[in-house]
Amino acid sequence: MAQAGRAGAAAVAAIKTSTGLVGLAVEPNAPIILTKLYHRILRDLKAVPEDTLFRWHKERTINFRLRVMNEEKDIKSMEARINSGNLEELIVMAREELSRMPSYIENQYWKHDPNDPTILTWTWEHNMW
């Protein structure tokens with residue numbers, strides 16, 4: 001199995017030589033790493049009530065991405081179907097989500113009062129794209 005992993009990593013490296021992003025190197029084991037991170041996020045999400053939009057959205061997004069990575073055989077096809085950038089970028093985002101999850105759970109942000117003026121809410125006026 002270790003030999004298959006090295007062969008897969010070599011195949012990925014041969015196909016993908018750059019992420020196209022300065023400072024973000026190609027990760028030969030990106031699907032494996034991302035799958036593990038996504039399973040950790042799904043595990044941590046169990047602490048969030050099932051009826052929250054946050055949990056529903058995260059589970060739906062992650063399960064879609066896991067299904068794509070399971071169905072597709074090459075990195076380019078995975079990235080195209082997921083349509084959220086490089087798998088390496090998704091690894092960075094997943095790690096960030098995992099680092100924020102304890103705070104989200106501890107502070108129970110899903111319970112915030114929409115009338116509380118101390119909580120900033122996103123509006124179209126704040127969207128400066």
Please identify each residue that fulfils side-chain hydrogen bond (donor to acceptor under 3.5 Å, both in side chains) with [X], with sequence neighbours left out.
X	result
Thr52	none
Asn63	none
Ser18	none

[atom1]-[atom2] distance between [X] and [Y], expressed to the nearest 0.5 angstrom:
X	Y	atom1	atom2	answer
Leu87	Met93	CG	CE	10.0 Å
Thr61	Trp56	OG1	CH2	8.0 Å
Thr19	Glu79	OG1	CD	9.0 Å
Glu71	Leu66	CD	CG	11.0 Å
Arg100	Asn107	CZ	CG	13.5 Å

How would you list all residue pairs meeting ring-ring contact (aromatic ring centres under 6.0 Å, His included) that involve residues 66-109, not counting sequence neighbours?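 Sorted result for residues 66-109: Phe54-Tyr104, Tyr104-Tyr109, Tyr104-Trp110.
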Do any side-chain atoms of residues 35-51 form donor-acceptor pairs under 3.5 angstrom with protein atoms, and if so which ones, sequence neighbours left out?
{"from": "Thr35", "atom 1": "OG1", "to": "Pro31", "atom 2": "O", "distance (Å)": "2.7"}
{"from": "Tyr38", "atom 1": "OH", "to": "Arg65", "atom 2": "NH1", "distance (Å)": "3.0"}

Under a 4.5 Å cut-off applied to non-hydrogen side-chain atoms, are Glu88 and Lys16 in contact?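 In contact.
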Nearest heavy atoms of Ser99 and Glu96, plus distance in Å: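 It is OG-O, 2.8 Å.
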Shortest non-hydrogen contact from Ala94 toward Leu34: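 In this case the closest contact between Ala94 and Leu34 is CB-CD1, 4.2 Å.
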Applying side-chain contact (heavy atoms from CB on, under 4.5 Å), name anything that partners Glu106, two or more places apart in sequence or on another chain.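 Here no residue qualifies.
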Pair Val26, Thr17 - check side chain to side chain contact (heavy atoms under 4.5 Å, CB included), show working. CA-CA 7 Å; Val26 171; Thr17 58; 5.8 Å; no
Group every Ile, Leu, Val, Met, Phe, Trp and Tyr by side-chain heavy-atom contacts under 4.5 Å, then state whether [X] and [Y] land in the same group.
X	Y	value
Met78	Val92	no
Ile75	Leu21	no
Ile33	Leu24	no

Any donor-acceptor N/O pair, Asp74 side chain to Ser77 backbone, under 3.5 Å: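 Checking the backbone N and O of Ser77 against the side chain of Asp74, a donor-acceptor pair under 3.5 Å is found.
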Expected output: side-chain Glu89 to main-chain Asn86 donor-acceptor under 3.5 Å: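 Looks like yes, one N/O pair under 3.5 Å.
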